[in-house]
Amino acid sequence: MTQKIRTRFAPSPTGFLHIGGARTTLFNWLFARHHKGTFILRIEDTDEVRSTQDSVSAILESIRWMGMDWDEGPLDNDRDQGPYGPYFQMKRLELYQKYIKQLLQEGKAYPCYCSKEDLEAMRRLAQLEKRPPRYDGRCRNLTDKQKRDLEAQGKKASIRFRMPDEGVTVVPDMIRGDVSFENKLQQDFVIQKTTGGPTYNFACVVDDHHMEMSHVIRGDEHLSNTPSQLQLYRALGWEPPKFAHLSMILGPDGSKLSKRHGATSVLEYKNQGFLPEALRNYLALLGWSTTDSQQLFTPEELIARFDLEGCQKSPATFDPVKLTWMNGEYLRKLPVPELVRRASPFLEAAGLKPNGGPQLERAVALEHEKYKLLTEVPGLVDFFYKPLQFTPKAMDKVLRAPGVKQVLLDLAEALKDFAPFTDKALEECIRKFCAERGLKTGQVFHPLRAATTGRTEGPTLFLMLEVMGRDMVLSRLRETAARLN
RNA sequence: GGCGCGUUCGUCUAGCGGCCUAGGACAUCGCCCUCUCAAGGCGGAGAUCAUGGGUUCAAAUCCCAUACGCGCCA
């Protein structure tokens, strides 16, 4: 393949970037990067009613957050330039009109004056007669006079493409192989709406050709549209790109993943504390795999190993549990300062500031192997920064046990002047403390943890004490003992 | 309704005619480690390869039907 690789993601800005769109973007991006090609972003905003600027912004933000970049396409709503003209379809209307005109002149397309009501009636009749409900081609052969009369009546025309009556259209798909469609079962589809705007299928073809796409990688739901598009390429005398239709992403109930399955927007995952690299890694494995079933990939590995070969034909169910596991893997690999940086929006949201307490990095590091989500970070370190609060288990099961109060007071006494106040030394000291009193370590360790953190679960005890520092340890031991009356 | 696509452990998947008494990962269970919770290590359970027919000495792998699921068009 000596051809220059050019792929694209072409979202309609009618909402946020969802998981399915993110996966499509990722595959296009990976494919382009793998083959040292060009990745393009194009905004298909021909649905004037539902398209919004906010959606455009959200989509761009989502793609950027996931760590993907585009070589051509809009930088935001206003900065939209590139070697192929604007990347918003509504700014390319003239181009579409040019080819509509051409197809009209060549008789490959024709105006259709049928109203919504006409089409609705047609559909119902067909259904009654158990025929496939499709356009019957009644405007195919109108004479010029008929057209003039209809227009004189104020009828607005849409433009339809004349599909061949016979033969088959074969879609050569890089994932599924050749897929054939009978032309006579396809209908004369609309390429220009009565409003004058292009339809999806038409604008898509014109742009993919003009932007010199080499590969169109998109969701399976577009496979059925492809024969129509292929006929358009043919009618316009253009060489079509190569197609690859990705299997869909399903919700747990087996239907196409959608809002009712819970979080579907990429930005929601960001807010839930997922790392973009983890989401990317997980999404890559939804419909793609290597022969060795490798699970974790560095960004470089992903680009190096990704190709259409490993793409799956069957749909995949989105599994948040596995995504969460993977996120934990990535979190654990992050150097602590970086972890703190990534967690800082969540720490701030929880109102945690290191005033007085230990350094944030030291505190966060204690629980490094425990985080699965960035949102869990504040909850696991906040005992350092908030007034003591006891869980019922810590209070009732551990602290209220007989003799605990005295143990705490004795500990405070033993640690009052103990130095150095460090992990190893503290462990040695407290083990000796146990031995001297004939106490089992558990009888001391557990109350000590509960009294200083308010919890029965937490970081490794002695390092935690070191990080907490003598002052806070002593004051908490005394405070807790005092509460045990 | 028509057309299209799909079907391997609960989930993501490996597999492209003999290496499969079907491999890996998540989840799950047990054990070890251990100051708790995790992480980690080890091990277990879990798939009549949707069903039924062929083809072949040999099929998860090739062919044909059927079923189910999903998508597109309306």
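By convention in this document, chain letters (A, B, ...) are assigned in the order of the sequence lines, proteins followed by strands, and residues within each chain are numbered from 1.
- A 3.5 Å limit on both hydrogen-bonding distances identifies B:G54 as the Watson-Crick or G-U partner of B:C62.
- Look at the C1' atom in both B:A60 and B:G23: the space between them is 13 Å, to the nearest Å.
- Between A:Arg341 and A:Glu338, at least one side-chain N (NZ, or NE/NH1/NH2) sits under 4.0 Å from a carboxylate O, which counts as a salt bridge.
- A heavy-atom distance below 4.0 Å to RNA chain B is reached by none of the residues of residues 386-407 of chain A.
- One C1' atom belongs to B:U11, the other to B:C72, and the distance between them is 27 Å to the nearest Å.
- Using Watson-Crick or G-U wobble geometry with both donor-acceptor distances under 3.5 Å, B:C31 finds its partner in B:G41.
- Taking atom C1' in both B:G10 and B:A27, the straight-line distance is 8 Å, to the nearest Å.
- Across all strands, A:Gln187 comes closer than 4.0 Å only to sugar-phosphate atoms, never to a base (heavy-atom distances).
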Pairs under 3.5 Å (N/O, protein and nucleotides 12-15 of chain B):
residue : atom : partner  : partner atom : Å
B:C12   : OP1  : A:Thr317 : N            : 2.9
B:C12   : OP1  : A:Thr317 : OG1          : 3.2
B:C12   : O2'  : A:Leu285 : O            : 3.0
B:U13   : OP1  : A:Gly287 : N            : 2.8
B:U13   : O3'  : A:Ser289 : OG           : 2.8
B:A14   : OP1  : A:Ser289 : OG           : 3.0
B:A14   : OP1  : A:Gln312 : OE1          : 3.4
B:A14   : OP2  : A:Gln312 : OE1          : 3.1
B:A14   : O2'  : A:Thr291 : O            : 2.9

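- Remark: B:C68 base-pairs with B:G6; criterion is Watson-Crick or G-U wobble with both hydrogen-bond distances under 3.5 Å.
- The residue A:Gly458 sits close to a base: some heavy atom pair falls under 4.0 Å.
- Remark: B:G1 base-pairs with B:C73; criterion is Watson-Crick or G-U wobble with both hydrogen-bond distances under 3.5 Å.
- Rounded to an integer number of Å, the gap from A:Lys256 NZ to B:C70 C1' is 10 Å.
- Between the P atom of B:A27 and the CG atom of A:Leu323 lies a distance of 12 Å, rounded to the nearest Å.
- Between A:Leu26 and A:Ala284, the shortest heavy-atom contact is CD2-N, 3.6 Å.
- Summarising the geometry, the separation between OH on A:Tyr135 and P on B:C3 is reported as 23 Å, rounded to the nearest angstrom.
- Residue A:Asn225 contributes atom CG, which lies 15 Å from atom P of B:G4 at whole-angstrom precision.
- The residue A:Arg431 sits close only to the backbone: its heavy atoms come under 4.0 Å of sugar-phosphate atoms, none of a base.
- For the P atoms, the distance from B:G54 to B:U48 is 22 Å, rounded to whole Å.
- Counting non-hydrogen atoms under 4.0 angstrom, A:Arg332 reaches the backbone sugars and phosphates but no base.
- The two residues A:Asn271 and A:Phe346 come nearest to each other via the heavy atoms O-CE2, 3.3 Å.
- Of the N and O atoms on the side chains of A:Asp207 and A:Tyr96, at least one donor lies less than 3.5 Å from an acceptor on the other residue.
- Using Watson-Crick or G-U wobble geometry with both donor-acceptor distances under 3.5 Å, B:G17 finds no partner in any strand shown.
- The C1' atoms of B:A22 and B:A65 are separated by 26 Å, rounded to the nearest whole Å.
- Of all non-hydrogen atoms in A:Ile59 and A:Ser12, the two that sit nearest each other are CD1-O, 4.1 Å.
- The pair A:Glu479-A:Arg476 does not count as a salt bridge, with every side-chain nitrogen at least 4.0 angstrom from each carboxylate oxygen.
- Using cut-offs of 30° and 60° on the angle between ring planes, the pair A:Phe306 and A:Trp288 is tilted.
- Using atom C1' as the reference point in both B:G46 and B:U21, the two lie 16 Å apart (nearest Å).
- A donor and an acceptor atom, one from each side chain of A:Arg305 and A:Gln294, are located under 3.5 Å apart.
- Looking at heavy-atom distances under 4.0 Å, A:Met248 makes contact with sugar-phosphate atoms alone, never a base.
- The distance between atom CG of A:Leu331 and atom P of B:A38, rounded to the nearest whole Å, is 17 Å.
- Under the side chain to side chain donor-acceptor pair (under 3.5 Å) criterion, the residue pairs touching residues 455-469 of chain A are A:Arg362-A:Glu466, A:Asp382-A:Arg455, with sequence neighbours excluded.
- Of the two residues contacting RNA chain B, namely A:Leu461 and A:Glu182, the nearest-nucleotide position lying further toward the 5' end is that of A:Glu182.
- Remark: the A:Thr460 side chain and the B:C35 base include a donor-acceptor N/O pair separated by less than 3.5 Å.
- Listed pair A:Lys372 / B:A38 fails the phosphate criterion, with no side-chain N or O lying under 4.0 Å from OP1 or OP2.
- Side-chain N/O atoms of A:Arg449 and base N/O atoms of B:C35 include a donor-acceptor pair closer than 3.5 Å.
- Across all strands shown, A:Glu309 has no heavy atoms under 4.0 Å from either base or sugar-phosphate atoms.
- Distance A:Phe383 CZ to B:U36 C1': 12 Å, rounded to the nearest Å.
- Residue A:Tyr200 contributes atom OH, which lies 10 Å from atom P of B:C73 at whole-angstrom precision.
- Nearest to the side-chain atoms of A:Glu221 among the listed nucleotides B:C35, B:G4, B:C72 stands B:C72.
- Closest-nucleotide positions on RNA chain B for A:Asp253 and A:Gly442 were compared, and the one nearer the 5' end corresponds to A:Gly442.
- No engagement by A:Pro252 is indicated, since no non-hydrogen atom pair under 4.0 Å with the nucleic acid exists.
- For B:C16 and B:C62, the C1' atoms lie 11 Å apart once the distance is rounded to whole Å.
- Both distances falling under 3.5 Å, in either a Watson-Crick or a G-U wobble arrangement, place B:U11 opposite B:A25.
- A salt bridge does not link A:Arg218 to A:Asp208: none of the charged nitrogens lies less than 4.0 Å from a carboxylate oxygen.
- Which of B:A25, B:C5, B:C35 sits closest to the side chain of A:Trp325 comes down to B:A25.
- To the nearest angstrom, C1' of B:A25 lies 11 Å from CG of A:Asn281.
- B:G24 sits 15 Å from B:G41 when the P atoms are compared, rounded to a whole Å.
- Using bins of under 30°, 30° to 60° and over 60° for the plane-to-plane angle, the ring pair A:His245/A:Phe243 lands in the parallel bin.
- Cation-pi geometry between A:Arg449 and A:Phe445 is not satisfied (NZ or CZ under 6.0 Å from the ring centre, within 45° of the ring normal).
- Relative ring orientation between A:Tyr282 and A:Phe318 is described as perpendicular, the plane-to-plane angle rising above 60° on a 0-90° scale split at 30° and 60°.
- Remark: B:C49 base-pairs with no nucleotide in the shown strands. Criterion, Watson-Crick or G-U wobble with two distances under 3.5 Å.
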